[in-house]
*Asks:* 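Can you read through this structure? Questions will come right after.
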Amino acid sequence: MMNLNRRMLLAGGLVAPAALAACGKGPDAEIVWRLATNLPITHPLSARMKEAADRVYQQSNHRLLIEVYPSSQLGSDADTLAQVRAGAIQMLSISGLIMSILVPVTALSGIGFAFTDRQQLFGAMDGDLGDVIKKGLADHHLITTPKVFESGFRQITTSTRQINSPADLREMKIRVPLGALWTSMFRSFGSSPTSINFNEVYSALQTHVVEGQENPLAVVDTGKLYEVQRYCALTNHMWDGFWLLQNQEALEKLPGDLRDLVQLEFSNAADLQRADLAVLAETLPAKMQAEGMTLNTPETGVFRQALRDVGFYAQWKERLGDQAWRTLENAVGGLA
Ligand code: X2X
């Protein structure tokens, strides 16, 4: 009955999850965890995580309640990363490319124009490349659930210009997330990248603080960025995946059966949201066009060559180390 009251409150929107969490444990749960992500709840990643959390609650007989806080409600990426490390929150779903500010090898999955398709990508991320990244995270006491979640291949949107070739990116004011991978790649193209947390992107575009941004179409759609952007170049310039980090101490305190349940349910959630995104990758271009955006598909070989010419790949190889780089090239072929 207590649980019903809680859900009724939430469903009625009378009490925000954050307010309930501030009161301490859920009415009947033995353990309450908080899971943060920057993506809206309408994005398949957040939605499937919420479903997994609900299943964990049911299947643990209400012993473990995982509260999901989407849309950066608990703070920016940098804030929530500090919180999960300190144990102030127990789970954080965050882009591996943002994580690379702390654990450089997580950048491997997002090297510009490295992967050609999802099949090649998931072969690597569910195999050796994923293992290298997970080990890098574990060395920093950051434990992830087994399977990486998908954000997708990133595309460039602008309010001002169509992007057909690297020259079109020159001197463009582009918003990028936190992380050297983005700033280094867009500087290589001669753009002026600015790091802005995702929850401020819509207004930065609307007020023309920046001309453009880059994100997978599912993020452009669920963040309603099409309302404030006119052009979209389908560049697939880098792939982005989200790891679901767990605070090590909280995880170690969890009874074994609950730990297994969390790993199982969130692995299933990863499979389900990958399937959701595979469908969206097919359907969203038409939807974006219907929302009024002009889409184009540039030839990407010249972008890759431009990066090669300025030593982008050589620089990242040096930064990440020969061994890690070899694991990437084993999956995608020679880059430098
Ligand atoms: O901030 C972004 O652009 C997002 C949502 O894609 C990431 O977390 C990297």
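Remember, it's 1-based here, ligands and their atoms both numbered in the order they're listed.
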*Asks:* Between Leu39 and ligand 1, which part of the residue brings a heavy atom under 4.0 Å of the ligand: side chain, backbone, both or neither?
*Replies:*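 For Leu39, only side-chain atoms sit under 4.0 Å from ligand 1.
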
*Asks:* Applying a heavy-atom cut-off of 4.0 Å, say which part of Asp240 lies close to ligand 1: side chain, backbone, both or neither.
*Replies:*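 Near ligand 1, Asp240 shows its side chain, while the N, CA, C and O stay back.
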
*Asks:* Do Lys224 and Glu227 meet the salt-bridge criterion of a basic N to acidic O distance under 4.0 Å?
*Replies:*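 No, Glu227 and Lys224 are not salt-bridged.
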
*Asks:* Under the side-chain contact (heavy atoms from CB on, under 4.5 Å) rule, what do Gln59 and Leu261 come out as? Steps first, then yes or no, please.
*Replies:* CA-CA 8 Å; Gln59 304 212 352; Leu261 182 62; 3.9 Å; yes

*Asks:* Short question: side chain of Gln155, backbone of Asn236 - any donor-acceptor pair under 3.5 Å?
*Replies:*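 Side chain of Gln155 to backbone of Asn236: a pair is present.
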
*Asks:* May I ask you to say whether Asp126 pairs ionically with Arg274, meaning some side-chain N is under 4.0 Å from a carboxylate O?
*Replies:*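 The answer is yes: the pair qualifies as a salt bridge.
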
*Asks:* For Phe113 together with Trp239, are the ring centres under 6.0 Å from each other?
*Replies:*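 Here the rings of Phe113 and Trp239 have centres that are no less than 6.0 Å from each other.
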
*Asks:* Under a 4.0 Å heavy-atom limit, does Ile94 contact ligand 1 with its side chain, its backbone, both, or neither?
*Replies:*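 No part of Ile94 comes within reach of ligand 1.
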
*Asks:* Give the C-alpha distance, both sets of side-chain angles, the deciding distance and a yes or no for ring-ring contact (aromatic ring centres under 6.0 Å, His included) between His62 and Tyr57.
*Replies:* CA-CA 5 Å; His62 302 188; Tyr57 185 61; 4.3 Å; yes

*Asks:* At under 4.0 Å between heavy atoms, which part of Gln213 makes contact with ligand 1: side chain, backbone, both or neither?
*Replies:*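 Near ligand 1, Gln213 shows nothing, with every heavy atom at 4.0 Å or more.
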
*Asks:* Does any N or O atom in Asp77 lie less than 3.5 angstrom from one in ligand 1, N or O only?
*Replies:*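 Such a contact does not occur with ligand 1.
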
*Asks:* Start with the C-alpha distance between Leu39 and Phe242, add both sets of side-chain angles, then the distance that settles side-chain contact (heavy atoms from CB on, under 4.5 Å), and finish with yes or no.
*Replies:* CA-CA 10 Å; Leu39 292 172; Phe242 276 46; 3.7 Å; yes

*Asks:* Is the shortest N/O to N/O distance between Arg175 and ligand 1 below 3.5 Å?
*Replies:*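 For ligand 1, there is an N or O atom that lies under 3.5 Å from one belonging to Arg175.
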
*Asks:* Answer yes if the ring centres of Phe186 and His237 are under 6.0 angstrom apart, and no otherwise.
*Replies:*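 They qualify: ring centres under 6.0 Å apart.
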
*Asks:* Provide, to 0.1 Å, the distance between atom 7 (C) of ligand 1 and the closest protein heavy atom, together with that atom's residue and name.
*Replies:*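 Going atom by atom, the protein heavy atom closest to atom 7 (C) of ligand 1 ends up being Asn38 ND2, 3.7 Å.
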
*Asks:* Which of these, Val220, Ile196, Asn215, Leu97, has its nearest heavy atom closest to atom 4 (C) of ligand 1?
*Replies:*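 Among Val220, Ile196, Asn215, Leu97, the closest heavy atom to atom 4 (C) of ligand 1 belongs to Asn215.
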
*Asks:* Please check whether Glu214 reaches ligand 1 - meaning an N/O of the residue sits under 3.5 Å from an N/O of the ligand, judged on distance alone.
*Replies:*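 No, since none of the N or O atoms of Glu214 sits under 3.5 Å from an N or O of ligand 1.
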
*Asks:* Can you list the ligand 1 atoms lying under 4.0 Å from a non-hydrogen atom of Ile98?
*Replies:*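 Close to Ile98: 8 (O), 9 (C).
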
*Asks:* Would you say Ser151 has any N or O atom under 3.5 Å from an N or O of ligand 1, going by distance alone?
*Replies:*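 No, since none of the N or O atoms of Ser151 sits under 3.5 Å from an N or O of ligand 1.
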
